[in-house]
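In what follows, a structure is listed as structure tokens, so that the remarks can point back to it.
Chain naming here is simple, since letters A, B, ... match the order of the sequence lines and numbering starts at 1 in each. Just so you know, these numbers come straight off a predicted model, no measurement behind them.
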Amino acid sequence: METVQGIPVFPGVAICPAFVLDREGFRIPRHTVPVEAVPAEIARLDQCMAEVRDDLARSAREVEEKLGPDVAGIFSAHRLLVGDKNLRAKIVAQIESTHVNVEQAVHQILEQYATVFRSMRSQHFADRGTDIVDIERRILGKLVGDRLSALHDVDHEVAVLSHDLTPTETASFNPKFIKGIVTETGGQTSHTAIIAGAMQIPAVVGVGSIPAVIDGDTVIIDGDRGVLIVNPDEPTKQKYLAYVRDGVQRERRFDSLRDLPADTVDGKHITLLGNIEFPHEAKACLEKGAEGIGLYRTEFLFLAKDEPPSEDEQYEAYAEVLRIMGSDRPVTFRTLDLGADKIERSSKRKPEANPFLGLRSIRLSLKNRALFETQLRAMLRASVLGDLRIMFPLVTTLRELRQAKLILREVMEDLEEEGIAFNSKIKVGMMVEVPAAAVLSQAFADYVDFFSIGTNDLIQYTLAVDRTNEVVAPLYSASDPAVLRLIHHCVRAAFEKGKSVSVCGEMSGDPMYVQYLLGLGVTQLSCAPHNIPSVKQEIRRTDMMQARRVVKRVQRIESAPAVTKYLRSCMPDHQIADNRPWGSAPPVAEVKP
Amino acid sequence: MSEGAAEFGLEEMGPDNYRCEVVITYAEGLHVRPCTEFAALALTFESDIHVHFGNLHVDGKAPMDLLTLAAGAGAHLILEARGRDARKALAALVGLVHSGFPEGKAAS
């Protein structure tokens, strides 16, 4: 049994056989070749190698015209490597001696070479492993053909494990049989997240490295906690099966909560909102009893296609959400929160060394005004359909906020001139997710109608930790006193300036933090639709006097694990925690080092 | 030893069998392109070509294997040729190594 931690992007649990797409997505077929078929297998090899050499020669010519001889030299060199007679001899010998099919033989022999390179002490030569991988990919690409054709033909339930997935690849997914997805790369806004959301199947991304697993091995994809378990032992499997059963029961129990108000024991009303990514999720929010949408991530429109969506396409999607929610329920639209790499896929822009500290989110919008203005126009046009609010993400400096508001005002003036209706009193807010913004929240408050504290990024930036890096992931915790202090500071600043403040991010979907956040004075929580019932249940158990005592107590605790332990002990009902397959310890504690 | 051979420091090991030590001065070492160029040139000769580096030795006509030597700048290699055109082959290969693998020779 092996367990890896990633980022949960769609909830639920899948327990089923694995379907592995290797690092480059090939599913390398493996079968035994009868003696009489060996010559045919070798003929396939020769045919394929000849085609690969032709392809490389063509690539070299094309690249030479475009980029000059230096780059073309790489293709010429690869062509000569593929033509290496010893390489062919080794692959042939592998087929003849072990009777494996040509795909396996190619994979095994090239893996031998790649291993030699990877073990080299000189980084310079060790990097040559990538040349070998590239060559292997080309050869296998010829031999295997479409990397996902095998997946397309699958006829039983599977969980797909892959390095990465792109929209075109996932287009062939059959929702009938694909029950979960895990990818090594990606974040909350990756294609995988989009696909999982559209297919409504549990998904975990950014696990870093998938443990050794072969097709047919049992895997558990825990989309609630962001965990992949390969070959679970029997007790773990039983626990999860029970968890799934309990989950169904809990869902039923929670159904009765839907129409009850999110009021504390002593009658304080909390506005419980949903976070959504797709328009259709708005329905789920209503079904779970959300009063509105506290965070509508607009990225999916931009990720689903290579080109940024047009104003009308955006308007349609935005209008759909508002139509579902009705005219009275608030819907907070967050403007584009993506890195430059996701928007200009075809551009020659160099990949950033540090995308999370790079040109993303509001920074990208301010640099790319056309993109930003188009989105704002679409939002403003939709604003007449309901209670639409606009929120800017990743604001770090006052200057950025002022610039963004200036552009918004200009777009409003344009619309006015064109005689297009919009809500001129639209509420404008910002995400507080960069420590700089939290520290200066008093100053920021003068320029906005509301704050929304985005805990995911706030934790990452405050603690300087990448949660997808399993070595440091345990540091990532909403319970960290530094994070809590920043949240506290921001909430107080909002109150002093008479502005409203909500908390979104995973922290607000965890019942464990409900008492603490309410105790701070937070009156709006926004979380994923599936978390709404358990959060509401916790709100309805909360006594504000007690909640304020919890805050006082937490302020004196110095470490994240101690805060977590204390907050868990405060939960009036241990039922939820104890039903979790991982017990009551904080999730990360279970991850193998 | 025949005339000319000494210029390259050729050492005659036996009939149609020559060796020669070369030092890689090319900053990148025996990288992908130099390896493929070396092997491409070696393939134009009938003789068997071997390349020794420390206790490793590989077929000089196999670019993949040459690459596994990981011979960086400053590496001392022993080139060995066996066959009818051994001397000519070695002279050409030593020449290529000494020339520092100018671009474009692998075009064949």
Q. Can you name the residues that form a ring pair (Phe, Tyr, Trp, His ring centres under 6.0 Å) with B/H76, not counting sequence neighbours?
A. none
Q.
Between A/E41 and A/R44, does any side-chain N to carboxylate O distance fall below 4.0 Å?
A. yes
Q | chain A contact via B/A39 - side chain, backbone, both or neither, heavy atoms under 4.5 Å | A | neither
**Q.** Nearest heavy atoms of B/M64 and A/I132, plus distance in Å
**A.** SD-CD1, 3.6 Å
Q: Using a heavy-atom cutoff of under 4.5 Å, enumerate the residues of residues 87-98 of chain A that contact chain B, numbered in order, or state 'none'.
A: A/L87, A/K90
Q. What's the spacing between A/L140 CG and A/I135 CD1 if we round to 0.5 Å?
A. 12.0 Å
Q) In Å, rounded to the nearest 0.5 Å, how long is the span from CZ of B/R19 to CD of B/E80? A) 4.5 Å
Q. Checking A/L110 against chain B: side chain, backbone, both or neither under 4.5 Å from a heavy atom?
A. side chain
Q: Using distance alone, with no hydrogens and no angle criterion, decide if A/Q112 and A/Q108 have a side-chain donor and acceptor under 3.5 Å apart.
A: no
Q: Can you spot which of A/V20, A/V160, A/V230, A/V207 makes a side-chain contact (heavy atoms from CB on, under 4.5 Å) with A/V182?
A: A/V207
